[in-house]
Every structure is written in structure tokens, then in C-alpha cells.
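One is the number of the first residue; the rest follow in order along the sequence. Remember, it's 1-based here, ligands and their atoms both numbered in the order they're listed. Atom set for the values below is all heavy atoms of this structure, side chains included, hydrogens, waters and symmetry mates excluded.
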Amino acid sequence: MSQRITMHIDLDTFFVSVEQADNPELKGKPVVVGGKPGGRGVVATASYEARAFGLHSAMPIATAVRLCPQAIFIEGNYSRYAEVSKKFMAILADFSPFLEPMGLDEAYLDVTGFESLHGTIRQMAIKIKQRVKEDLRINASIGIASCKVVAKVASDESKPDGLIEVPSGGEAAFLAPLAIRKLPGVGKKTEQVLAGLGIHTIGQLARMPLPALKSRFGAFSDMLYRHANGIDNNPVTPPGEAKSISRETTFEEDTHDIVLLSGTLRYQAERVGADLRELGKQTKCISIKVRYADFTTITRQSTLPQMTDLDQIIYQTGYNLLQKAIATNRQAIRLVGIGVSGLSQPGNQLSLMDNAEQRLGKLNKAVDRIRDKYGFGAIQTGRTIQLKHF
Ligand code: TTP
Ligand code: MG
């Protein structure tokens, strides 16, 4: 497998940060979201100033009041947090269509190959942090690593307002000195059992023989062992109802054939375009993915001056990127894919489109209707029809 690069982005003290962004007077103060003093609720989150007094998520409010009576307690406004979360995910989707949101304030991005757009992946992470700060007035912490679990631990370790890049091959060494508890999925119980065995750090866990782990943790051991060693094969998986849409195809045999490549890309662009129109969304951000015969995988992205949901424009943009990819690496191609991200509802931009685009828009809608009725294969365009021969 080729080397992947994964980013984990997590907003700092999320609920509190939203309150502070909406009311800057709260900045720099001990703030708790999660119920009024005297109530029976628990702390949802606490600012770093409040954490300094020992406050943390899930602590009963009564305890929090006792430890830090001067804290400002706010009940919180979940719909407001959901609204900010949506904006946060939209920012991330602008950077890569390979986005997997986790809850409200964190997400994984597959950024393999994106260094070409930003200089380095670290530079890309800095840009994401800046965008989040400018648009939302919230700090994001970011971990960069070859897999999800290490990226997540890295973003946690980097807090607050941090950025940690774990070099490829250095995963196990990065995790080794950290407390067992830092490993996602390790709760109090696992921690206690391991402590009973004299295991306190992730490094000690990584060196434990698998059979010894199996006798105590059963089916959970394999994952525990892999994660402790910085190995996680779970890919970043964009959800179905995504902020991005993509299609990819692996060829039966690696190919140089531009007719097959462009025909496949055209077919994928038509599927992506049909999905966009069905969702009522448009995009400015088009990317392609190319995996070469030696499994090196690149993604290339292009930003359009104007939103579109047209197959022809998605295809043409993707094809230009593909041609550049072919020009820079002459190997045969194993996989090609196309994706769109940063989706949004079309504004009232019809007047900006020229006549040709308006006509294409109508044509695409008519094709969608026929395909709805008779299936996707009912209409073949000039390029996809060539695929029939393969
Ligand atoms: P987290 O990302 O776990 O925490 P956080 O953003 O508050 O702080 P950090 O800087 O350490 O990332 O959770 C995100 C939000 O989810 C958090 O702001 C409030 C909510 N939450 C709860 O309501 N209860 C909980 O027990 C936790 C952990 C979080
Ligand atoms: Mg957070």
C-alpha cells in the first residue's frame, strides 16, 4: 500500500469557544458550559482557565462550583453549536473532499497528495487553522500522521491551538512515552487491567506479546495491539450524505490508454454531476485521484471561479488535472477517480452563466430525467460510449 497522509482536526473547548466567539467578554476567564450552578447537570466542557482548577467534561456541576466558584456557568445552546459545526465542516470540505466528520467538532481528512497545492501538508494545516480562526474565531488543533489513530492522538497532544506532524515511520516512537489512557478506545477499565500488569505507557503495551493481551482482552486485543504500534488501516470514509461526492474506478489491468482513462473519468463526472443535481448542490472544487502501477497515489485539485453542477465542466476540469498527472508521471495507471467538495446550494447566479452553460444545464436535467426512468446506461455520451468496448 502506498503511504497515506491523514489529518485529524479538533476544535478547542468547543462549546466554550463558541460562547467566547459570540461574547468576547468571556475570553480568558474560567467558563463552564453545561448548566446553572445549583442544577443537577454535568459539565459539557470547561475553558482552560477552568480546567486549571481541575474542572473537566462529565463532572457534576455541584463539584465544579465547589472547585471553582468564580467560574461563569452557561447552560449552552446546542442549536448554535450545531450551526457552527456545519460551518466548520464546510471549511474542511473546501480543503479536501475526502472528509469524515466525527461528532460536532472533529473530523478526519485524507490529504494524501495535497502537498502539491499547499507546499507541504503542514502548510495546509496552518491554512486550515487560519481559516477556522478567521471565519469562526475558534482555535483548531491538528494532528498529521500516516493513519487515523495516530493523527487523533497527535491533535490531542498538540492542544491548545496546536499542530503536531508525526513523521512516517515514527508512529510507534511518538506514541511510546504517552500514558495508555491517551489511546482512543482505552477507558478506565482497560487502563486498570493494564496497570495491574505493570503497563502504564503505550510503548509498554506495544511490546506486550499478543497472546498475553488476548487472554485478557479477547477480540479487542488485535486492535489494541495495532493501535499501540501506530498501525491503523481504517481509511477516512466520507459519509453517504456528504459534503463531497466522489467516484473511483480500479482498472482490471494498469493502463496508459487515454481513451479508456478519459472515458472512465467522463463516466465518473456524469455520476458525480447527477448526484450533485439530485442533492440540489453545486461545487467550485474539483479533484482527481490517480493511483499508479506502483501504488503511489496522488490527488490534484482545482478551484473554479464559479459554482457548477455541470458534468461537462466537472469532466473538463478533471481531465485537465489528469493530463498534468500523466505528464508528470509516465507510469501506467491503476485507479482513477474524481471528486467534488465544498458543496453548497446554488445561489441566484443564473444570470452570470452564459447561454451555452444554461443550455448545458437544461440538457443535463433532461438526461437525468431519462436516466431516472430507464437507468443510467440508457444514455451514453460520446466519451462514455467508448467504455462499452472494454
Ligand atoms: P471534545 O472535543 O472532547 O472537547 P472540547 O472541544 O470541549 O475540548 P478539547 O479542547 O479538549 O477538544 O468535545 C467537543 C464538545 O462536545 C465539547 O465542547 C462539549 C461536548 N461534550 C459533552 O457535552 N460532554 C462530554 O463529556 C464531552 C467529552 C464533550
Ligand atoms: Mg474539541
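- Residues S141 and D10 bring no donor and acceptor atom of their side chains to less than 3.5 Å of each other.
- Within a 6.0 Å sphere centred on CD of E253, heavy atoms belonging to other residues, nucleotides or ligands number 12 at most.
- A 6.0 Å sphere centred on NZ of K133 holds more than 12 heavy atoms belonging to other residues, nucleotides or ligands.
- In this structure, K289 is positioned above the aromatic face of F98, its NZ or CZ under 6.0 Å from the six-membered ring centre and within 45° of the axis.
- Taking every heavy atom of both residues into account, T201 and P177 meet most closely at CG2-O, 4.0 Å.
- The immediate protein surroundings of ligand 1, defined as residues with any heavy atom under 4.0 Å of it, consist of D10, L11, D12, T13, F14, F15, A44, T45, Y48, R51, S57, D105, K159.
- V43 belongs to a hydrophobic cluster whose remaining members, ordered by chain and number, are V32, F53, L55, M59, I61, V65, L67, F73; membership requires side-chain heavy atoms of ILVMFWY residues under 4.5 Å apart, directly or through intermediates.
- Looking only at atom types and distance, the side chain of T45 has a donor-acceptor partner in the side chain of R51 under 3.5 Å away.
- Grouped by direct or indirect side-chain proximity (heavy atoms under 4.5 Å, Ile/Leu/Val/Met/Phe/Trp/Tyr only), Y108 sits with M102, V236.
- Between H118 and F114, the ring planes lie parallel to each other; the angle is under 30°, not in the 30° to 60° tilted range.
- Protein atoms of type N, O or S found under 2.8 Å from the Mg ion (ligand 2) total 3.
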